[in-house]
Asks: 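Structure in C-alpha coordinates, see below.
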Number of protein chains: 2
Amino acid sequence: MKSTKSKPCEAWQLLVKFFFTQRADLPTLASEFELSPAQCHVLHLIEPDRPIPMGRLAEALACDASNVTGLIDRLESRGLVRRRPSADDRRVKSLELTPAGVRLRSTVLERITKPPDSLGRLSADEQRALVKILKRLLD
Amino acid sequence: MKSTKSKPCEAWQLLVKFFFTQRADLPTLASEFELSPAQCHVLHLIEPDRPIPMGRLAEALACDASNVTGLIDRLESRGLVRRRPSADDRRVKSLELTPAGVRLRSTVLERITKPPDSLGRLSADEQRALVKILKRLLD
DNA sequence: TATTGTTATACTCTATAACTATA
DNA sequence: TATAGTTATAGAGTATAACAATA
(Lines give C-alpha, C1' and ligand atoms only; values in the text may rest on other atoms or scores of the structure.)
Protein backbone atom coordinates (compact mmCIF):
# COMPACT_ATOMS: atom_id res chain seq x y z
CA MET A 1 0.00 0.00 0.00
CA LYS A 2 2.97 2.31 -0.46
CA SER A 3 3.77 2.99 -4.10
CA THR A 4 1.68 0.46 -5.89
CA LYS A 5 -1.17 2.10 -7.77
CA SER A 6 -0.60 5.78 -7.01
CA LYS A 7 1.43 6.71 -10.09
CA PRO A 8 -0.55 9.79 -11.10
CA CYS A 9 -0.73 10.97 -7.49
CA GLU A 10 2.93 11.62 -6.93
CA ALA A 11 2.96 14.57 -9.32
CA TRP A 12 0.01 16.29 -7.74
CA GLN A 13 1.16 15.52 -4.24
CA LEU A 14 4.36 17.35 -5.10
CA LEU A 15 2.42 20.22 -6.61
CA VAL A 16 0.36 20.46 -3.43
CA LYS A 17 3.55 20.42 -1.43
CA PHE A 18 4.99 23.16 -3.62
CA PHE A 19 1.85 25.18 -3.10
CA PHE A 20 1.89 24.89 0.68
CA THR A 21 5.61 25.65 0.79
CA GLN A 22 4.99 28.83 -1.14
CA ARG A 23 1.97 29.58 1.02
CA ALA A 24 4.12 29.43 4.14
CA ASP A 25 6.77 31.64 2.56
CA LEU A 26 4.40 34.31 1.31
CA PRO A 27 3.79 36.22 4.58
CA THR A 28 7.52 36.67 5.20
CA LEU A 29 8.19 37.56 1.60
CA ALA A 30 5.28 40.01 1.44
CA SER A 31 6.37 41.70 4.65
CA GLU A 32 9.69 42.55 3.01
CA PHE A 33 7.61 45.02 1.00
CA GLU A 34 5.25 45.79 3.89
CA LEU A 35 2.50 43.96 2.06
CA SER A 36 0.14 41.28 3.27
CA PRO A 37 -0.24 38.00 1.35
CA ALA A 38 -3.64 39.16 0.09
CA GLN A 39 -2.18 42.44 -1.10
CA CYS A 40 0.52 40.54 -3.00
CA HIS A 41 -2.20 38.48 -4.59
CA VAL A 42 -4.06 41.62 -5.67
CA LEU A 43 -0.87 43.12 -7.06
CA HIS A 44 -0.33 39.96 -9.06
CA LEU A 45 -3.86 40.07 -10.45
CA ILE A 46 -3.89 43.72 -11.51
CA GLU A 47 -1.68 43.73 -14.57
CA PRO A 48 -0.10 46.96 -15.77
CA ASP A 49 -2.22 48.86 -18.30
CA ARG A 50 -5.08 46.44 -17.82
CA PRO A 51 -7.76 48.07 -15.69
CA ILE A 52 -10.00 45.54 -14.00
CA PRO A 53 -13.44 46.18 -12.47
CA MET A 54 -13.64 45.58 -8.75
CA GLY A 55 -16.19 42.83 -9.26
CA ARG A 56 -13.90 40.95 -11.60
CA LEU A 57 -11.08 41.23 -9.09
CA ALA A 58 -13.37 39.71 -6.47
CA GLU A 59 -14.04 36.85 -8.88
CA ALA A 60 -10.34 36.32 -9.53
CA LEU A 61 -9.68 36.30 -5.80
CA ALA A 62 -12.69 34.02 -5.34
CA CYS A 63 -13.82 36.16 -2.46
CA ASP A 64 -16.83 38.30 -1.66
CA ALA A 65 -16.97 41.74 -3.29
CA SER A 66 -17.14 43.40 0.11
CA ASN A 67 -13.55 42.35 0.83
CA VAL A 68 -12.24 44.13 -2.18
CA THR A 69 -13.36 47.49 -0.83
CA GLY A 70 -11.07 47.33 2.20
CA LEU A 71 -8.27 45.60 0.34
CA ILE A 72 -8.22 48.34 -2.29
CA ASP A 73 -8.70 51.07 0.32
CA ARG A 74 -5.41 50.07 1.89
CA LEU A 75 -3.54 49.74 -1.40
CA GLU A 76 -4.96 53.02 -2.65
CA SER A 77 -3.96 54.84 0.52
CA ARG A 78 -0.41 53.69 -0.16
CA GLY A 79 -0.57 55.04 -3.69
CA LEU A 80 -0.21 51.68 -5.39
CA VAL A 81 -3.65 51.40 -6.98
CA ARG A 82 -6.25 53.85 -8.31
CA ARG A 83 -10.03 53.56 -8.60
CA ARG A 84 -11.35 54.91 -11.91
CA PRO A 85 -15.01 55.35 -12.79
CA SER A 86 -16.09 53.35 -15.80
CA ALA A 87 -17.36 55.25 -18.82
CA ASP A 88 -19.99 52.69 -19.81
CA ASP A 89 -21.58 51.88 -16.50
CA ARG A 90 -21.33 54.40 -13.72
CA ARG A 91 -21.79 51.73 -11.08
CA VAL A 92 -18.53 50.07 -12.05
CA LYS A 93 -15.14 51.18 -10.75
CA SER A 94 -12.06 49.93 -12.51
CA LEU A 95 -8.76 49.40 -10.78
CA GLU A 96 -5.37 50.19 -12.21
CA LEU A 97 -1.85 50.24 -10.86
CA THR A 98 -0.13 53.57 -10.32
CA PRO A 99 3.45 53.85 -11.59
CA ALA A 100 4.58 53.00 -8.05
CA GLY A 101 2.25 50.01 -8.12
CA VAL A 102 3.69 48.80 -11.41
CA ARG A 103 7.21 49.05 -10.04
CA LEU A 104 6.39 47.29 -6.78
CA ARG A 105 4.47 44.55 -8.61
CA SER A 106 7.45 43.83 -10.79
CA THR A 107 9.84 43.76 -7.83
CA VAL A 108 7.59 41.47 -5.83
CA LEU A 109 7.03 39.07 -8.70
CA GLU A 110 10.74 38.82 -9.37
CA ARG A 111 11.35 38.16 -5.72
CA ILE A 112 8.56 35.70 -5.08
CA THR A 113 10.27 32.66 -6.49
CA LYS A 114 13.92 33.24 -6.96
CA PRO A 115 14.60 31.64 -10.34
CA PRO A 116 18.39 31.36 -10.04
CA ASP A 117 18.30 29.20 -6.92
CA SER A 118 15.99 26.33 -7.65
CA LEU A 119 15.24 26.72 -11.33
CA GLY A 120 18.82 27.38 -12.24
CA ARG A 121 19.60 23.79 -11.41
CA LEU A 122 17.27 22.59 -14.13
CA SER A 123 18.66 21.89 -17.56
CA ALA A 124 17.29 23.76 -20.56
CA ASP A 125 15.39 20.65 -21.56
CA GLU A 126 13.87 20.31 -18.13
CA GLN A 127 12.83 23.95 -18.10
CA ARG A 128 11.17 23.56 -21.48
CA ALA A 129 9.41 20.44 -20.26
CA LEU A 130 8.25 22.22 -17.12
CA VAL A 131 6.90 25.18 -19.09
CA LYS A 132 5.04 22.89 -21.44
CA ILE A 133 3.50 20.95 -18.58
CA LEU A 134 2.53 23.97 -16.54
CA LYS A 135 0.92 25.61 -19.54
CA ARG A 136 -1.22 22.52 -19.96
CA LEU A 137 -2.11 22.53 -16.27
CA LEU A 138 -3.10 26.18 -16.34
CA ASP A 139 -4.49 26.34 -19.89
CA MET B 1 10.90 42.28 -25.60
CA LYS B 2 8.51 39.34 -25.59
CA SER B 3 10.36 36.04 -25.52
CA THR B 4 13.92 37.05 -26.19
CA LYS B 5 16.11 36.67 -23.11
CA SER B 6 13.62 35.55 -20.49
CA LYS B 7 14.03 31.82 -20.89
CA PRO B 8 14.44 30.92 -17.23
CA CYS B 9 11.66 33.28 -16.19
CA GLU B 10 8.79 31.68 -18.00
CA ALA B 11 8.92 28.58 -15.85
CA TRP B 12 8.82 30.46 -12.59
CA GLN B 13 6.21 32.88 -13.82
CA LEU B 14 4.01 29.90 -14.53
CA LEU B 15 4.78 28.43 -11.13
CA VAL B 16 3.81 31.73 -9.52
CA LYS B 17 0.62 31.73 -11.54
CA PHE B 18 -0.10 28.17 -10.47
CA PHE B 19 0.47 29.16 -6.87
CA PHE B 20 -1.89 32.14 -6.98
CA THR B 21 -4.53 30.12 -8.81
CA GLN B 22 -4.40 27.53 -6.06
CA ARG B 23 -4.38 30.26 -3.44
CA ALA B 24 -7.62 31.67 -4.84
CA ASP B 25 -9.20 28.24 -4.96
CA LEU B 26 -8.27 27.23 -1.43
CA PRO B 27 -10.95 29.14 0.54
CA THR B 28 -13.77 27.64 -1.54
CA LEU B 29 -12.25 24.21 -1.44
CA ALA B 30 -11.60 24.37 2.29
CA SER B 31 -15.12 25.53 2.99
CA GLU B 32 -16.44 22.34 1.41
CA PHE B 33 -15.08 20.68 4.54
CA GLU B 34 -15.91 23.62 6.79
CA LEU B 35 -12.23 24.35 7.13
CA SER B 36 -10.35 27.61 6.71
CA PRO B 37 -7.32 27.79 4.40
CA ALA B 38 -5.04 27.93 7.43
CA GLN B 39 -6.69 24.84 8.90
CA CYS B 40 -6.12 23.01 5.59
CA HIS B 41 -2.52 24.02 5.77
CA VAL B 42 -2.21 22.65 9.29
CA LEU B 43 -3.90 19.42 8.26
CA HIS B 44 -1.41 19.09 5.44
CA LEU B 45 1.54 19.65 7.78
CA ILE B 46 0.51 17.19 10.49
CA GLU B 47 1.20 13.84 8.91
CA PRO B 48 -0.47 10.71 10.23
CA ASP B 49 1.54 8.93 12.94
CA ARG B 50 4.04 11.76 13.01
CA PRO B 51 3.47 13.88 16.12
CA ILE B 52 4.89 17.35 15.76
CA PRO B 53 5.61 19.83 18.58
CA MET B 54 3.58 23.01 18.43
CA GLY B 55 6.70 25.10 18.02
CA ARG B 56 7.77 23.11 14.99
CA LEU B 57 4.35 23.54 13.45
CA ALA B 58 4.69 27.29 13.93
CA GLU B 59 8.02 27.10 12.11
CA ALA B 60 6.54 25.11 9.26
CA LEU B 61 3.71 27.63 8.97
CA ALA B 62 6.27 30.43 9.26
CA CYS B 63 4.02 32.16 11.74
CA ASP B 64 4.21 33.21 15.36
CA ALA B 65 3.75 30.48 17.95
CA SER B 66 0.79 32.33 19.47
CA ASN B 67 -1.26 31.65 16.34
CA VAL B 68 -0.88 27.94 16.71
CA THR B 69 -2.71 27.97 20.02
CA GLY B 70 -5.97 29.24 18.53
CA LEU B 71 -5.58 27.30 15.33
CA ILE B 72 -5.17 24.05 17.23
CA ASP B 73 -7.88 24.99 19.75
CA ARG B 74 -10.39 25.09 16.90
CA LEU B 75 -9.17 21.88 15.26
CA GLU B 76 -9.06 20.11 18.60
CA SER B 77 -12.60 21.18 19.47
CA ARG B 78 -13.69 19.54 16.23
CA GLY B 79 -11.94 16.33 17.19
CA LEU B 80 -9.43 16.43 14.33
CA VAL B 81 -6.23 16.98 16.32
CA ARG B 82 -4.98 16.06 19.79
CA ARG B 83 -2.43 17.75 22.05
CA ARG B 84 -0.12 15.26 23.77
CA PRO B 85 2.38 16.13 26.45
CA SER B 86 5.95 15.32 25.55
CA ALA B 87 7.75 12.75 27.65
CA ASP B 88 11.17 14.45 27.47
CA ASP B 89 10.30 18.08 28.06
CA ARG B 90 7.13 18.87 29.92
CA ARG B 91 6.90 22.31 28.33
CA VAL B 92 6.46 20.78 24.89
CA LYS B 93 3.10 19.63 23.54
CA SER B 94 3.05 17.43 20.49
CA LEU B 95 0.22 17.41 18.00
CA GLU B 96 -1.22 14.39 16.29
CA LEU B 97 -4.21 13.73 14.08
CA THR B 98 -7.13 11.81 15.49
CA PRO B 99 -8.57 9.04 13.29
CA ALA B 100 -11.15 11.57 12.09
CA GLY B 101 -8.32 13.98 11.36
CA VAL B 102 -6.44 11.38 9.34
CA ARG B 103 -9.55 10.64 7.29
CA LEU B 104 -10.34 14.30 6.65
CA ARG B 105 -6.73 15.07 5.75
CA SER B 106 -6.73 12.34 3.16
CA THR B 107 -10.04 13.51 1.69
CA VAL B 108 -8.93 17.13 1.53
CA LEU B 109 -5.58 16.29 -0.05
CA GLU B 110 -7.22 14.15 -2.68
CA ARG B 111 -9.66 16.93 -3.41
CA ILE B 112 -7.24 19.84 -3.41
CA THR B 113 -5.89 19.36 -6.90
CA LYS B 114 -8.06 17.01 -8.82
CA PRO B 115 -5.48 14.75 -10.50
CA PRO B 116 -7.77 13.26 -13.15
CA ASP B 117 -8.70 16.61 -14.69
CA SER B 118 -5.46 18.42 -15.33
CA LEU B 119 -2.84 15.79 -14.62
CA GLY B 120 -4.68 13.09 -16.46
CA ARG B 121 -3.96 14.90 -19.69
CA LEU B 122 -0.24 14.46 -19.16
CA SER B 123 1.49 11.50 -20.71
CA ALA B 124 3.32 9.06 -18.50
CA ASP B 125 6.60 10.57 -19.66
CA GLU B 126 5.45 14.05 -18.83
CA GLN B 127 4.29 12.98 -15.40
CA ARG B 128 7.64 11.36 -14.71
CA ALA B 129 9.42 14.49 -15.91
CA LEU B 130 7.21 16.66 -13.71
CA VAL B 131 7.87 14.52 -10.66
CA LYS B 132 11.59 14.62 -11.27
CA ILE B 133 11.58 18.37 -11.68
CA LEU B 134 9.38 19.09 -8.69
CA LYS B 135 11.51 16.87 -6.49
CA ARG B 136 14.53 18.92 -7.47
CA LEU B 137 12.66 22.16 -6.82
CA LEU B 138 11.53 21.04 -3.38
CA ASP B 139 14.47 18.87 -2.31
C1' DT C 1 -36.12 44.81 -10.42
C1' DA C 2 -31.30 43.60 -10.78
C1' DT C 3 -26.47 44.83 -10.19
C1' DT C 4 -22.02 47.37 -8.43
C1' DG C 5 -19.81 48.78 -4.82
C1' DT C 6 -20.08 50.19 0.13
C1' DT C 7 -21.08 49.77 5.11
C1' DA C 8 -22.02 47.19 9.45
C1' DT C 9 -21.11 43.18 11.88
C1' DA C 10 -18.93 39.06 13.37
C1' DC C 11 -15.38 35.56 13.19
C1' DT C 12 -10.79 33.86 11.82
C1' DC C 13 -5.94 34.77 11.09
C1' DT C 14 -1.95 37.14 12.34
C1' DA C 15 1.83 39.67 15.12
C1' DT C 16 3.46 41.77 19.49
C1' DA C 17 3.94 41.80 24.23
C1' DA C 18 3.30 39.99 28.77
C1' DC C 19 2.58 35.85 31.32
C1' DT C 20 3.10 30.56 33.15
C1' DA C 21 5.42 26.55 33.74
C1' DT C 22 8.96 24.30 32.95
C1' DA C 23 14.12 23.80 31.87
C1' DT D 1 18.07 32.85 32.52
C1' DA D 2 16.04 30.84 28.56
C1' DT D 3 12.33 28.30 26.24
C1' DA D 4 7.34 26.27 25.02
C1' DG D 5 3.02 27.45 25.02
C1' DT D 6 -0.75 30.61 26.48
C1' DT D 7 -3.35 34.91 26.97
C1' DA D 8 -4.52 39.76 25.84
C1' DT D 9 -4.82 42.91 22.43
C1' DA D 10 -5.05 44.99 17.98
C1' DG D 11 -5.18 45.01 12.90
C1' DA D 12 -6.08 42.63 8.49
C1' DG D 13 -8.80 39.19 5.90
C1' DT D 14 -13.14 37.10 5.18
C1' DA D 15 -18.43 36.22 4.67
C1' DT D 16 -23.24 37.71 5.38
C1' DA D 17 -26.70 41.01 5.26
C1' DA D 18 -28.49 45.54 4.47
C1' DC D 19 -27.85 49.70 1.83
C1' DA D 20 -27.02 53.52 -1.99
C1' DA D 21 -26.52 54.58 -6.68
C1' DT D 22 -27.14 53.16 -11.14
C1' DA D 23 -28.92 50.14 -14.80
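Here is the naming used below: chain letters follow the sequence lines, and residue numbers restart at 1 for every chain.
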Asks: What's the CG-C1' distance between A:Leu95 and C:dT6, to the nearest Å?
Replies: 14 Å

Asks: What's the CD-C1' distance between A:Gln39 and C:dC13, to the nearest Å?
Replies: 15 Å

Asks: Would you please confirm or rule out a distance under 4.0 Å between OP1 or OP2 of C:dC13 and any side-chain N or O of B:Arg74?
Replies: yes

Asks: Got a salt bridge between B:Lys135 and A:Glu10, using NZ or NE/NH1/NH2 to carboxylate O under 4.0 Å?
Replies: yes

Asks: Take atom NE2 of B:His41 and atom P of C:dT14, then tell me their distance rounded to the nearest Å.
Replies: 9 Å

Asks: To the nearest Å, how far apart are B:Arg23 CZ and C:dC13 P?
Replies: 13 Å

Asks: If each of B:Asn67 and A:Asp64 is mapped to the nucleotide of DNA chain C with the nearest heavy atom, which maps nearer the 5' terminus, i.e. the 5' end?
Replies: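 Its nucleotide being nearer the 5' end, the pick is A:Asp64.
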
Asks: Is a salt bridge present between B:Asp73 and B:Arg83, judged by a nitrogen-to-oxygen distance below 4.0 Å?
Replies: yes

Asks: Is it true that a side-chain atom of B:Ser36 and a backbone atom of B:Gln39 form a donor plus acceptor pair closer than 3.5 Å?
Replies: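 Pair found, side chain donor or acceptor close to backbone of B:Gln39.
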
Asks: Without placing hydrogens or testing angles, list every side-chain donor-acceptor pair under 3.5 Å for residues 44-72 of chain A, not counting sequence neighbours.
Replies:
unit_1: A:Asp64; atom_1: OD2; unit_2: A:Ser66; atom_2: N; d: 2.9
unit_1: A:Asp64; atom_1: OD2; unit_2: A:Ser66; atom_2: OG; d: 2.7

Asks: How long is the line joining CE of A:Met54 and P of C:dG5, in whole Å?
Replies: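 After rounding, the gap between these two atoms is 6 Å.
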
Asks: Any ion pair linking B:Arg82 and B:Glu76 (charged N to carboxylate O, less than 4.0 Å)?
Replies: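 Salt bridge absent between B:Glu76 and B:Arg82.
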
Asks: DNA chain D: B:Asp89 or A:Ser36, which has the more 5' nearest nucleotide?
Replies: B:Asp89

Asks: Have a look at B:Arg83 and say if it touches a base, only the backbone sugar-phosphate, or nothing, with a 4.0 Å heavy-atom cut-off.
Replies: sugar-phosphate

Asks: With a 4.0 Å cutoff (strictly under), does any side-chain N or O of B:Ser66 reach OP1 or OP2 of C:dA17?
Replies: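 Answer no for this pair, as no side-chain N or O of B:Ser66 is under 4.0 Å from OP1 or OP2.
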
Asks: What are the bounds, 5' to 3', of the part of DNA chain D that sits under 4.0 Å from heavy atoms of chain B?
Replies: D:dA2 to D:dT7

Asks: A:Leu134, A:Leu109: one ILVMFWY side-chain cluster at the under-4.5 Å cut-off?
Replies: yes

Asks: Tell me the interatomic distance from A:Leu61, atom CG, to C:dG5, atom P, rounded to whole angstroms.
Replies: 13 Å

Asks: Considering residues, nucleotides and ligands other than B:Glu32, do more than 12 of their heavy atoms fall under 6.0 Å from its CD?
Replies: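 Atom CD in B:Glu32 is packed in, count exceeds 12.
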
Asks: What is the distance, to the nearest angstrom, from the NZ atom on A:Lys93 to the P atom on C:dT3?
Replies: 19 Å

Asks: Closer to the 5' end of DNA chain C via nearest nucleotide, is it A:Pro27 or B:Arg91?
Replies: A:Pro27

Asks: Could you check how far CD of A:Glu34 sits from P of C:dA15, rounded to whole Å?
Replies: 15 Å

